[in-house]
Amino acid sequence: HNAMYWYNSQSIPLAEFWRIYRVPIVYTYTELSAASGQHLLQASMESVRLYMPDNPIHILYHADSDNTTTTTTKNVHRHDEFLAWLQSRHVHIHFHHPVWKDQIEQMRLNGDPQTSHLFLHAGNYLGTWQRMDIPLFLETEYALLLDADTVIVKPFTLADFGLDLTHAIAMSSELNSMDQNPSNAGVMLMNIPFLRRTHKSFVKYVLRHADTGRFQHDSPSDQGAYLSYYRQTIKFMDSSFNRKPYHRLKGNGARKRAILTRKPPNENSGNNKAGDTFIIHFHGPKPHNYIQHILGGTCNKAFEFLCAKGVEQFPGALCFALTAFARATLAVDRTGRYCQSAFQIKKHGDGIVTQHAQWCQYILETLSERDQCVDPKTFFASIKKAFASSLTAGTSKQKEGVSESFPSQLLERQEPLIGTSKVSMEREFSQRAKSAHANSTDSAIDMYRIDQLARSEELESPTI
């Protein structure tokens with residue numbers, strides 16, 4: 001039997017028994033991105049530290065020192081605070097000054113927003129392309145690129161990627177978990193030496209398409225570029241490293257690495273065990289989008305069908321994903337920053353934090369305190385009904401000249417909301433809402449007004 005080493009894209013047999021082959025994880029970030037994107041990124045990094053505390057984490061950090069529109073005192077403080085937080089989590093920070101930044105911005109301006117929402121936000125668009133320069137900063141054989149909207153739910157090493165590693169890049173599927181075609185760049189295993197050798201030609205290839213931002217592959221932007229340029233060498237990565245909240249949960253660890261179980265669990269059981277899943281990827285809808293759908297609202301038109309699929313078809317998988325995110329994001333911050341930034345509607349230069357933000361925080365806190373989602377369909381339905389009741393009560397009070405919001409007392413509860421039946425859960429929600437509303441004096445924004453504001457103002461959202 002010939003010896004096998006990582007450098008020739010093959011596995012080490014002893015890695016099956018000595019699980020010490022850590023794979024460095026790398027992220028990209030620009031200060032031009034939306035605030036909610038930063039909170040997602042922090043939650044993702046925190047999940048790495050929760051499950052793989054000693055694993056190397058790298059970040060390509062683009063500082064917006066040249067843009068006076070975003071270098072306000074408030075933003076400078078936020079960025080300094082974020083950099084300090086990264087250092088506290090022992091993240092290797094690589095300051096990134098992409099030489100192709102202006103050309104990529106021109107690509108965005110030339111792109112068609114009807115084909116991809118990425119063309120709408122300069123910061124988010126730049127952030128998706130930062131990954132091109134990762135090979136210039138890392139000195140390692142392999143690295144795993146993670147988008148900010150990912151959460152680790154089980155530890156892994158390089159051995160978990162199988163015996164035959166990619167010579168270039170590896171991706172998993174996108175919409176269909178049973179699809180065996182690499183198609184989603186949100187989680188990407190990168191052969192760093194190979195990508196470094198091809199970096200210059202790859203960048204030239206990308207910039208030749210600056211007039212449209214479209215490539216030979218149907219996928220837009222950076223994803224389309226990677227799938228087109230590396231089409232001869234790209235490999236499929238098991239979907240356990242890129243599980244979506246709208247994917248069916250797989251078994252409970254009975255398989256060996258790349259072998260997928262075909263026996264699905266009961267999706268209404270809310271089994272929160274990781275099973276064969278290593279990474280959850282909030283591709284498309286982000287946690288607050290799903291929460292908005294649970295509360296009876298609608299997601300972005302581009303991925304409303306994915307919100308509905310997660311909430312209505314795979315509530316167990318969604319509940320598991322939201323619980324994993326809740327525990328990670330609350331380990332970073334318990335003051336509700338993520339929900340506040342996600343549900344803040346810009347109006348005449350000021351931000352209005354909607355009633356949804358308070359419910360968002362309440363849901364995340366409740367999920368983080370539960371051992372498992374016993375009955376996710378009932379849980380989601382009860383929340384929707386209680387939220388609608390609170391809006392009705394608030395509107396009624398407004399007509400009487402008294403304005404009030406979803407009460408903060410619900411967020412300060414001493415015990416998690418746990419019910420064993422739909423009736424008992426609805427009763428508990430109702431009792432808490434009535435009790436808190438009797439003492440609340442804050443202003444309320446009903447769902448109809450929120451929907452009207454959302455249509456007329458930009459709601460900040462991180463990249464997909």
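Just the heavy atoms: all of them, side chains too, but no hydrogens, waters or symmetry mates, feed the values below. This is a predicted model, so every value here is computed, not measured.
- Using the six-membered ring where Trp is involved, H92 and H58 have ring planes that are parallel, under 30° apart on the 30 and 60° scheme.
- In this structure, F314 has its ring center at least 6.0 angstrom away from the ring center of Y246.
- By the 4.0 Å N-to-carboxylate-O rule, D276 lies too far from K154 to be salt-bridged with it.
- A side chain to side chain contact (heavy atoms under 4.5 Å, CB included) with H283 holds for exactly one of H247, R243, K244; it is K244.
- Note on ring orientation: taking the six-membered ring where Trp is involved, the planes of H288 and F343 are perpendicular (angle over 60°, cut-offs 30° and 60°).
- In this structure the side chain of S36 never reaches within 4.5 angstrom of the side chain of K286, judged on heavy atoms.
- A donor-acceptor pair shorter than 3.5 Å can be found between the side chains of Y230 and T198.
- Annotation: side chain of P56 is not in contact with side chain of I25 (no heavy-atom distance under 4.5 Å).
- Listed for the R131 side chain is a donor-acceptor partner under 3.5 Å among the backbone atoms of T128.
- Residues that satisfy the ring-ring contact (aromatic ring centres under 6.0 Å, His included) test with Y29, not counting sequence neighbours, are Y61, F82.
- Qualifying side chain to side chain donor-acceptor pair (under 3.5 Å) partners for Q42, counting only residues two or more places apart in sequence or in other chains: none.
- At a threshold of 4.0 Å, the pair D54-R22 does not count as salt-bridged, since none of the basic side-chain nitrogens sits closer than that to a carboxylate oxygen.
- Residues V151 and S44 fail the side-chain proximity criterion, which asks for heavy atoms closer than 4.5 Å.
- With hydrogens and angles left out, the side-chain atoms of H96 and Q130 include a donor and acceptor closer than 3.5 Å.
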TODO: Please report the C-alpha distance between H167 and F194 in whole Å, then the side-chain angles of each, then the deciding distance to 0.1 Å, and finally whether the ring-ring contact (aromatic ring centres under 6.0 Å, His included) criterion is met.
DONE: CA-CA 7 Å; H167 290 271; F194 180 83; 8.0 Å; no
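- Here the OG1-CD1 distance, from T366 to I383, works out to 6.5 Å after rounding to the nearest 0.5 Å.
- Under a 4.0 Å N-O distance rule, the pair R49/E46 does not qualify as a salt bridge.
- For the pair L227/I234, a side-chain contact is recorded, criterion being any heavy-atom separation below 4.5 Å from C-beta on.
- The side-chain heavy atoms of T329 and L364, taken from C-beta on, include a pair separated by under 4.5 Å.
- Using a 30° and 60° split on the angle between ring planes, F387 and W359 fall in the perpendicular class, above 60°.
- A distance of 9.5 Å separates CE in M188 from CG in L144, rounded to the nearest 0.5 Å.
- At a cut-off of 3.5 Å, with distance as the only test, no side-chain donor of D333 or Y338 sits close to an acceptor on the other residue.
- Using a 4.5 Å cut-off on side-chain heavy atoms (C-beta onward), F161 and F156 make contact.
- How far OG1 of T323 is from CD1 of I363: 11.5 Å, rounded to the nearest 0.5 Å.
- Checked by atom type, the side-chain pair N184/N242 shows a donor-acceptor distance below 3.5 Å.
- Side-chain polar atoms of N110 and Q106 form a donor-acceptor pair below 3.5 angstrom.
- A donor-acceptor pair under 3.5 Å is formed between the side chain of T28 and the backbone N or O of G127.
- A side-chain donor from one of D238 and S240 sits under 3.5 Å from a side-chain acceptor of the other.
- Within the model, atoms SG of C339 and CD of Q361 stand 5.0 Å from one another, a figure rounded to the nearest 0.5 Å.
- Inspection of the E31 and Q38 side chains reveals no N or O donor paired with an N or O acceptor under 3.5 Å.
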